[in-house]
Amino acid sequence: MRKKILIVDDEASIVTLLKFNVEQAGFEVDEAYDGLQAIQKAKESSYDLILLDLMLPEMDGMDVCRHLRNNKIDTPILMLTAKDDEFDKVLGLELGADDYLTKPFSPKEVVARIKAILRRSQKSEETDFTSIRIGELFIYPDRYEAEMNDTTLTFTRKEFELLYYLAAHKDKVLSRDQLLSAVWNYDFVGDTRIVDVHVSHLREKIEPDTKKPAYIKTVRGLGYKLEEPK
């Protein structure tokens, strides 16, 4: 069965161009031309990936991404934008987008990114996850959840993947570039702020005192490591 892609852009010419190239690559394509229509289609149908423009009428791409993730729709999202804005990049990924591509772009690059995201998603689904306990933190990869002190913690997909990667490499110092490569699988040309943002969010959820982290330690000049609390 062919994988199904939802293309969301308010410019018909871009939708036509993307649709042609994505279909030529062997995918089935559906279309939406504003944010509200995108949300409705994502709720009513099952897609393997959403190609989501940032600047949309009715509801912009950031709000669409936030709404889908808040409603437990974890379909991979490749966000497109004409704005070469670093803040937008970090915020988009923070809200749960899986990758980010700035216009103008090559249709071949879009198809390559789609295939890469789908490969990562398939690999994640097929991985034989094992639960991990570190201190009072219990991590359940099959549910993308963790528990602490009998309380269930919930995460965005990338927050959880970062937590799991740190836990799977307990006591090992991991650089920001290593974490970018392992969790996001994409070179952000030295922009490691997205790692810092996600670590901050993880600490808010698992640390008894965020000012004195017991689990996720910063190793100055090197990166982060997750360890048993002392």
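Below, each value reflects all heavy atoms present in this structure, side chains not excepted, and no hydrogens, waters or symmetry copies.
Side-chain contact between Phe155 and Glu145: absent, with no pair of heavy atoms (C-beta onward) separated by less than 4.5 Å. By the 4.5 Å heavy-atom criterion applied to side chains, Leu162 and Leu179 are counted as neighbours. Counting only heavy atoms from C-beta outward, the side chains of Leu52 and Val8 approach each other to under 4.5 Å. Residues Lys3 and Tyr47 are not in side-chain contact: their nearest non-hydrogen atoms beyond the backbone lie 4.5 Å or more apart. By the 4.5 Å heavy-atom criterion applied to side chains, Leu163 and Leu226 are counted as neighbours. The closest side-chain heavy-atom distance from Arg113 to Leu101 is below 4.5 Å.
A donor atom on one side chain and an acceptor atom on the other are not found under 3.5 Å apart for His201 and Lys158. Using modelled atom types and a 3.5 Å distance limit, the side chains of Thr75 and Arg69 yield no donor-acceptor pair. With 3.5 Å as the limit, one finds no donor-acceptor pair spanning the side chains of Asp9 and Tyr33. A side-chain N or O of Glu161 and one of Tyr144 form a donor-acceptor pair less than 3.5 Å apart.
Electrostatic pairing of Asp171 and Lys225 does not count as a salt bridge here, judged by no charged N lying under 4.0 Å from a carboxylate O. Classification of Asp74 and Arg157 as a salt-bridged pair holds, one side-chain N sitting under 4.0 Å from a carboxylate O.
Every residue meeting the ring pair (Phe, Tyr, Trp, His ring centres under 6.0 Å) condition with Tyr165, not counting sequence neighbours, appears here in chain and number order: His169.
Shown here for Asp53 and Leu80, the closest heavy-atom pair between the two residues is OD1-O, 3.1 Å. Taking both residues in full, the closest heavy atoms of Lys205 and Thr154 are given as NZ-O, 3.0 Å, listed atom of the first, atom of the second, then distance. In terms of heavy atoms, Val195 sits closest to Arg176 at CG2-O, 3.8 Å.
Around NZ of Lys172, the count of heavy atoms belonging to other residues, nucleotides or ligands within 6.0 Å does not exceed 12.
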